Structures are given as C-alpha cells and as structure tokens.
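Heads up, the thing below is written out as structure tokens.
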There are 2 protein chains.
Amino acid sequence: MINKETIGYSFGMIKLNGNTYQYSAEIFFEMFDDRLKLMIIWYLSNGSMRFKELSKYLQPITNKTLSAKLKQLEELHLIEREVFAEVPPRVEYTLSPHGQQLKPVIDEVIAWSQHYAKTFGQTINEE
Amino acid sequence: MINKETIGYSFGMIKLNGNTYQYSAEIFFEMFDDRLKLMIIWYLSNGSMRFKELSKYLQPITNKTLSAKLKQLEELHLIEREVFAEVPPRVEYTLSPHGQQLKPVIDEVIAWSQHYAKTFGQTINEE
DNA sequence: ATCATTAGTATATTTTAGTAAACTATTGTA
DNA sequence: TACAATAGTTTACTAAAATATACTAATGAT
C-alpha cells in the first residue's frame with residue numbers, strides 16, 4: 001500500500017546526517033518535529049529579523065529555546081546568521097536559499113489555514 | 001514589518017476553540033505542533049488505514065500515543081473514524097474533507113524534501 | 001559612575017510527551 | 001479450554017524540552 005508511487009517518491013533509501021529515510025518527506029518531518037522551527041521560517045519568509053524581534057513574536061519563548069532553534073536551523077542550512085560589529089550587538093537572521101525554497105510549503109500552509117479558519121473560526125475585531 | 005500583507009492575510013483576529021490567532025497560519029502551527037499528526041495525514045493521504053497499520057509505519061510509537069493523536073485529529077475534523085462490527089475489531093481511519101485539503105501542503109512538503117535530499121542526502125540501495 | 005541596550009549563556013527546575021508493560025472485550029479456531 | 005487477533009485503555013515511569021532566573025560583554029548616553 002505504501003510505496004514509491006503512493007507516498008512521495010523516495011528514489012531509494014536516503015542517508016542524511018547519519019539517519020536513513022525511506023521517503024524523502026520523512027526528512028521534513030524530522031526537521032520540523034516542533035512548531036517553533038517552522039514558525040521561524042514563516043516569520044523569516046518575510047525578510048531578515050533580529051534575535052529579539054523574533055523573540056517578541058514567538059512569546060512566550062526563552063532566550064535559551066530560541067537560541068537553540070536558530071542554531072538548529074543554521075545547522076540544517078535553512079537560515080543564515082549575520083553578525084554586525086556594533087554595540088549593542090546586532091545579529092540578523094535570514095532564510096538561506098534552501099530555506100527560501102520552503103516558501104511554497106508556507107504558502108500552502110497559509111492557504112489551508114485561511115480555509116480552515118473560514119470554516120471553523122470566528123473573525124473578530126474587523127477593522 | 002509583520003502585517004496582514006506580509007505574513008499571510010488574517011482578515012482580523014480569529015477565534016477558534018477558545019484561542020485567538022492574529023494570523024491564520026498560527027492555527028496550522030498549533031495543530032501540527034508535533035511531527036506525528038502531520039505524518040498521519042501524510043500516510044492517510046493515500047487512503048484509509050487501520051490502527052495497527054498506522055502503528056506499524058510510525059514505529060516506534062505506543063498505542064497510547066497513537067490513540068491520542070488520532071483522537072486529536074478527529075476532534076480537529078481532519079480525519080474520520082469508522083468502526084466495523086467485527087471480531088477482532090476493525091477501525092478504519094480516513095481523511096475528512098478538511099483533511100483532504102491538506103494535500104497541497106503535503107505535496108509541497110514532498111517536493112521540498114526531495115530537493116533537500118538531492119542536495120544534502122546520499123541515495124543508497126538503488127533498485 | 002551608573003544605566004540601558006542586545007544577544008546571547010549557564011544553572012536549576014518544571015512540564016510535557018512519550019515509553020513500557022500489562023490488561024480488556026469479543027468471537028472464531030485448534 | 002486456551003489461544004489468537006485487533007483496538008484500544010490504564011498505570012507508572014523516563015527522558016526530553018521548555019521555563020525561570022540570573023548573568024556577561026561592550027559601549028554610548030545621562
């Protein structure tokens with residue numbers, strides 16, 4: 001029932017960072033095993049952001065957690081970290097080219113969420 | 001910087017199940033705050049599956065965890081549960097219409113994962 | 001001289017999610 | 001009579017993830 005044709009073509013088994021995957025999609029599921037990393041991609045899909053700015057949008061989140069997530073995303077080659085030699089420090093996070101390629105995923109997420117909200121949600125504070 | 005135009009049009013604030021969201025995409029991120037729920041959608045996007053069958057594909061997973069995830073997905077109106085009056089019991093899980101609408105998200109996930117695997121992965125066991 | 005600011009790190013604690021293992025109900029089969 | 005099979009539930013435990021809180025370095029402003 002589950003095979004190449006049905007659940008995302010896998011072109012064989014894929015080895016990545018010591019792990020073996022049968023289906024390429026499993027790579028995504030392992031990377032985004034928590035909501036935070038995909039949310040960061042979502043925020044950055046709009047342009048670069050600084051550490052504190054991200055923190056503000058992701059509240060409640062601690063520095064430690066955000067710092068860890070950003071480090072993971074950098075290791076996955078999905079974001080880039082640029083340090084500016086200023087005081088107080090300025091560090092900007094931007095999507096890498098591979099991170100940019102997640103844009104279509106994000107777009108579909110937004111489209112689906114709007115559809116879902118339209119069905120089950122209640123719009124308030126219309127301006 | 002983050003506003004209606006930039007991060008997924010939200011048509012105001014959305015209230016859903018007691019929670020308030022500024023951006024519709026946040027609904028998705030809350031729903032899929034763990035990898036398992038989206039993986040179940042991914043498996044079911046291919047057709048219905050029984051409890052044990054899903055369990056086999058999601059190993060290592062305990063009955064308790066899988067049971068909880070399926071219950072959550074049902075409450076979110078994303079899957080449907082059909083019980084057959086047989087012994088031993090047969091219960092089939094299928095995507096609901098709203099679950100089906102996640103297909104484009106899944107498709108983009110698969111496409112991106114293939115791209116990512118092509119860049120960073122190593123294909124093994126070619127047949 | 002002290003404060004404010006940013007981008008974190010460090011330590012200890014708490015919460016949460018998931019695991020392991022055993023159990024239930026039902027009925028057909030050996 | 002006991003076992004097998006499925007779809008769970010229950011209880012106790014563990015490990016992972018996040019939190020709270022305090023701290024650091026560097027420098028310009030008050």
Side-chain angles (χ1 to χ4, degrees), chain A residues 1-2 17-19 26 29-44 47-76 78-95, chain B residues 1-2 17-19 26 29-44 47-76 78-95:
Chain A
M1 177 168 223
I2 304 287
N17 295 123
N19 299 313
E26 289 170 353
F29 295 127
E30 179 159 322
M31 283 186 183
F32 299 102
D33 59 343
D34 61 278
R35 84 210 292 202
L36 285 172
K37 291 210 289 294
L38 198 55
M39 283 186 84
I40 291 170
I41 297 288
W42 174 55
Y43 279 118
L44 294 184
S48 67
M49 276 199 181
R50 298 176 65 172
F51 186 89
K52 206 184 180 184
E53 203 174 355
L54 277 167
S55 171
K56 198 179 76 192
Y57 285 111
L58 294 167
Q59 282 308 313
I61 193 175
T62 58
N63 289 350
K64 190 188 167 202
T65 302
L66 180 53
S67 174
K69 296 300 163 186
L70 290 169
K71 217 166 267 174
Q72 286 165 28
L73 286 170
E74 208 189 343
E75 275 164 19
L76 292 167
L78 300 183
I79 65 172
E80 282 158 12
R81 182 172 177 276
E82 191 178 0
V83 184
F84 294 84
E86 297 177 10
V87 169
R90 178 156 67 101
V91 177
E92 299 220 331
Y93 292 94
T94 316
L95 289 191
Chain B
M1 179 168 220
I2 304 287
N17 296 122
N19 300 314
E26 289 170 354
F29 295 127
E30 180 160 321
M31 284 187 181
F32 299 103
D33 59 344
D34 61 278
R35 84 208 294 200
L36 285 172
K37 291 209 290 294
L38 197 55
M39 283 185 83
I40 291 170
I41 298 288
W42 174 54
Y43 279 117
L44 293 184
S48 68
M49 278 199 179
R50 299 176 64 173
F51 185 90
K52 207 184 182 184
E53 202 175 354
L54 276 167
S55 171
K56 199 178 77 192
Y57 285 111
L58 293 168
Q59 281 309 312
I61 194 176
T62 58
N63 290 349
K64 188 192 168 200
T65 302
L66 179 54
S67 174
K69 297 298 164 186
L70 290 169
K71 215 165 270 174
Q72 287 165 29
L73 285 170
E74 208 189 345
E75 276 164 19
L76 292 167
L78 300 182
I79 66 171
E80 280 158 13
R81 183 171 177 277
E82 193 179 358
V83 184
F84 295 84
E86 299 176 8
V87 170
R90 178 156 68 101
V91 178
E92 299 219 331
Y93 292 93
T94 316
L95 289 192

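Proteins get letters first, then strands, A, B, ... in listed order; numbering begins at 1 in each. Owing to the predicted nature of the structure, the values given are computational and were not obtained by experimental measurement.
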Both B:Val91 and A:Ile61 contact DNA chain D. Taking the nearest nucleotide for each, which residue is further toward the 5' end?
B:Val91
According to side chain to side chain donor-acceptor pair (under 3.5 Å), who are the partners of A:Glu30, at least two apart in sequence or on a separate chain?
A:Asn19, A:Tyr21
Rounding to 10°, can you tell me the angle the first-five-pair axis of the helix from C:dA1-D:dT30 to C:dA30-D:dT1 makes with its last-five-pair axis?
30°
Distance in Å, B:Arg35 CZ paired with B:Ile40 CD1, rounded so as to fall on 0.5 Å steps:
12.0 Å
Mind calculating the distance between CZ (B:Phe51) and P (D:dT6) to the nearest angstrom?
12 Å
Report yes if at least one side-chain N or O of B:Lys56 is closer than 4.0 Å to OP1 or OP2 of D:dA7; otherwise report no.
no
Between B:Ser67 and A:Leu36, just flag the one whose closest nucleotide in DNA chain D comes earlier from the 5' side.
B:Ser67
Rounded distance (Å) that lies between atom C1' of D:dA16 and atom CG of A:Asp34
12 Å
Once salt bridge (charged side-chain N to carboxylate O under 4.0 Å, His left out) is applied, do any residues pair with A:Glu80, and if so which ones, sequence neighbours excluded?
none
Separation between CD1 (A:Ile79) and CD (A:Glu92), nearest 0.5 Å, reads 12.5 Å
Whole-Å distance separating the OH atom of B:Tyr93 from the P atom of D:dA7
8 Å
Result block: side-chain N/O donor-acceptor pairs under 3.5 angstrom for residues 63-73 of chain A, not counting sequence neighbours:
{"unit_1": "A:Thr65", "atom_1": "OG1", "unit_2": "A:Thr62", "atom_2": "OG1", "d": "3.0"}
{"unit_1": "A:Lys69", "atom_1": "NZ", "unit_2": "A:Asp34", "atom_2": "OD1", "d": "3.3"}
{"unit_1": "A:Gln72", "atom_1": "OE1", "unit_2": "A:Lys37", "atom_2": "NZ", "d": "3.2"}

CG on B:Leu44 to CG on B:Leu78, rounded to 0.5 Å:
10.5 Å
Base, backbone or nothing for each nucleotide of nucleotides 21-30 of chain D, written B, S, -, heavy atoms under 4.0 angstrom, 5' to 3'?
-----BB---
For A:Glu86, salt bridge (charged side-chain N to carboxylate O under 4.0 Å, His left out) partners two or more places apart
A:Arg90
Whole-Å distance separating the CD atom of A:Gln59 from the P atom of D:dA18:
14 Å
How far apart are the closest heavy atoms of A:Phe32 and A:Ile41, and which atoms are they?
CE2-CG1, 4.1 Å
First and last nucleotide of DNA chain C touching chain B, 5' to 3', heavy-atom cut-off 4.0 Å?
C:dG18 to C:dT27
Report the distance from atom NZ of A:Lys37 to atom C1' of D:dA18, rounded to the nearest whole Å.
14 Å
Reported OH-to-CD distance for the pair A:Tyr57 and B:Glu26, which is rounded to 0.5 angstrom:
11.5 Å
Rounded off to whole Å, could you give me the CE-to-C1' distance for the B:Met49 and D:dT6 pair?
17 Å
In short, B:Arg81 meets B:Tyr93 closest at the heavy-atom pair NE-OH, 3.2 Å
Regarding B:Arg35, tell me which of base, sugar-phosphate or nothing describes its non-hydrogen contacts under 4.0 Å with the strands shown.
nothing
If only side-chain N and O atoms of B:Arg90 are considered, is one of them under 4.0 Å from the OP1 or OP2 phosphate oxygen of D:dA7?
no
Figure out the CG/P separation between A:Asp33 and D:dA16, and round it to whole Å.
13 Å
Excluding sequence neighbours, so at least two apart, what forms side chain to side chain donor-acceptor pair (under 3.5 Å) with A:Gln59?
A:Ser55
Across all chains, not counting sequence neighbours, the ring-ring contact (aromatic ring centres under 6.0 Å, His included) partners of B:Phe29 are A:Trp42
